[in-house]
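In what follows, a single structure is set out as structure tokens and then discussed.
Order of appearance sets the numbers: ligands from 1, and atoms from 1 within every ligand. Residue indices begin at 1 and follow the sequence shown.
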Amino acid sequence: MMGRQTVIRGGLVLDPQGRAAAQDLLIEGGRIAAIENPGFEVSDDAELISACDRLLIPGLVNSHTHSHGALNRGAVDDKVSLEMFLTGGGASTRSRGVEDKYLSAALSAAEMIRKGCTACFDLSVEFPEPSRDGVSAVARAYRDAGMRAVVAPMIADRTIYQALPGLLDALPEGLRSHYASLSAAPFERTFEVCRDVLANWEFDRRQIRPALGPTIPLHCSDQFLIDCARLAKEHDIPLQTHLAESRAQATIGRRRYGNSLVGHLEDLGFLSERVSVAHAIWIDDDEIKKLSQSGVRVAHNPSSNLRLGSGVAPVRKMLSEGITVGVGTDASNTSDGQSMFEATRLASYLSRIDGFAADEWISAGEVFHLATEGSAKVLGFEKIGRLAAGYEADVVFLRLDSPHFVPLRSPLIQMVFGENGASVHTVMIGGRIVFRDGKLLTLDESLLRHRAQEAAGRLDQANADTYASGAAVARLVGTFCAAQGCTGHALPRKLSLVCAG
Ligand SMILES: [Zn+2]
């Protein structure tokens, strides 16, 4: 049974090459059945959707986010580096009940849809340890929002104080014993939960799939990483981790492993085509080659990298080596939002700051490909990220009367460099309209807002002591990490100049 046909008529359709042409889309069973010249014949009972004065683009795909960050919007201070953020991280997800976890993911999904994103890879953390109910709550939120997602519990068996050798010694004695006594979720318990989640996945895998997210290699023991890779292979699911996001991670990794981060992961047998790495900023040419040879994909997060001052990822080099790169927003508490349009634009603009020859820059067409088909490969969804027959009907309708489209000359450039999400008029996911004319049709956003404000007050109060002690130690951690890596192995790119000067 084919089911009822839907036809989107009158729109300007952006093709995978970035060209826009007046075409109609025929949708059957949630997929694009055909893209034809305007006015082609359809069955009498077909549902007609007008896309008059709209640019139709594939839904953007967010290759790296953390839904737990949405409930912490506004809680991360200005001038906070990655390790300073991670130091306070414990406080940010404490005291949450299952419904808080659902709420945070629902808020995140609502923002992504509003801003033209139809699928994401979510590394979601729970404190003090992952739970089947928690992972399920996050997946439920995406299901209810009508969005596609890969949901990975973010896991580790070390605290940041155990992960970074020398860090505890750098703390004053009064603080040291407290932070030395902290421990991560027990190894066996974490795997027990993950095995349970994977064996009992209750969601339609066409929409929502499970994965594993060993958070940061340094925060995981070797055995933990090996077991993650083994479990992922057993269940044929993706794995995502944060790689060399900060200079401190790269230099401390070299000290701890006597090897580069990528070299160490390769030795462990961790790298494969099912692995994606977020950030990958502080990696050298040899590591880029190794990632390429292993088929590892990269999630590039320019907005978060700028917000936390992490650095500039060598994306052009990755692409030249044949690595698949996607674009991500990272969490709403490290990039202050889930705007894939913004992340995509920044990914292109950031490629220009080194002053390389213009033909090395990442073009509008190229970056749009990364934010759609590149990210889709990071998620492991084969049929999303482009408007073409056989692909899922994940379609974003942009208003062409928005200022940056007037006058209309180059839809692709005007969209990639000018769009901020405000032109999103309609969002269709799997043939179902989930957002139209300013209104999310799947979730009650005013109720979400009310509940979010209530939760923020309650959680801030419950976590006040942890926030206060986290803030006190964050500065010390920031200073410690900033001092790492200014000597020793050759630093990538221009940061060596900063350190020398
Ligand atoms: Zn992240």
Side-chain angles (χ1 to χ4, degrees), residues 61-73 75-76 80-90 92-93 101 104-105 107-109 111-112 117 119-127 130 135 138 149-156 158 160 163 211-220 225 228 238-250 261 275-283 296-313 315 325-340 342-343 346-347 350 371 375 378-379 481:
V61 181
N62 190 347
S63 64
H64 179 72
T65 185
H66 307 274
S67 61
H68 57 259
L71 209 41
N72 269 67
R73 287 175 185 138
V76 176
V80 166
S81 66
L82 173 70
E83 281 80 13
M84 293 164 76
F85 166 75
L86 292 174
T87 311
S92 67
T93 51
K101 294 166 191 174
S104 200
L107 290 166
S108 202
E111 184 178 2
M112 280 188 261
C117 171
C120 74
F121 199 128
D122 178 6
L123 272 67
S124 172
V125 78
E126 293 178 70
F127 187 87
V135 175
V138 171
V150 174
V151 177
M154 189 161 80
I155 50 180
R158 287 191 171 142
I160 187 171
L212 290 177
T215 175
I216 298 170
L218 285 166
H219 294 224
C220 302
L225 291 167
C228 279
L239 271 171
Q240 191 172 94
T241 188
H242 295 80
L243 180 76
E245 181 174 353
S246 68
R247 187 159 48 96
Q249 280 181 13
L261 288 172
V275 172
S276 56
V277 294
H279 304 284
I281 299 169
W282 298 98
I283 54 174
V296 170
R297 287 121 201 222
V298 171
H300 176 40
N301 302 278
S303 11
S304 161
N305 295 348
L306 287 165
R307 165 70 146 102
L308 299 177
S310 301
V312 182
V315 177
V325 177
V327 177
T329 59
D330 214 349
S332 288
N333 54 349
T334 56
S335 64
D336 304 275
Q338 296 293 297
S339 176
M340 272 298 292
E342 182 180 77
L346 285 175
L350 258 184
S375 292
V378 173
L379 269 63
C481 288

*Is Asn301 close to Thr334 at the side-chain level, that is, under 4.5 Å between some pair of heavy atoms?*
no
*Can you check whether Met340 reaches Cys120 side chain to side chain, under 4.5 Å on heavy atoms?*
no
*Nearest 10° is fine: what angle sits at the Zn ion (ligand 1) between NE2 from His242 and OD1 from Asp330?*
170°
*Where does the angle between the aromatic ring planes of His64 and His66 fall among parallel (under 30°), tilted (30 to 60°) and perpendicular (over 60°)?*
perpendicular
*asked:* Within 2.8 Å of the Zn ion (ligand 1), is there any N, O or S atom belonging to His66?
replied: yes
*Name the orientation class of the two ring planes belonging to His279 and His242 (parallel below 30°, tilted from 30 to 60°, perpendicular beyond 60°).*
parallel
*Specify which N/O/S atom of His64 comes nearest to the Zn ion (ligand 1), by atom name.*
NE2
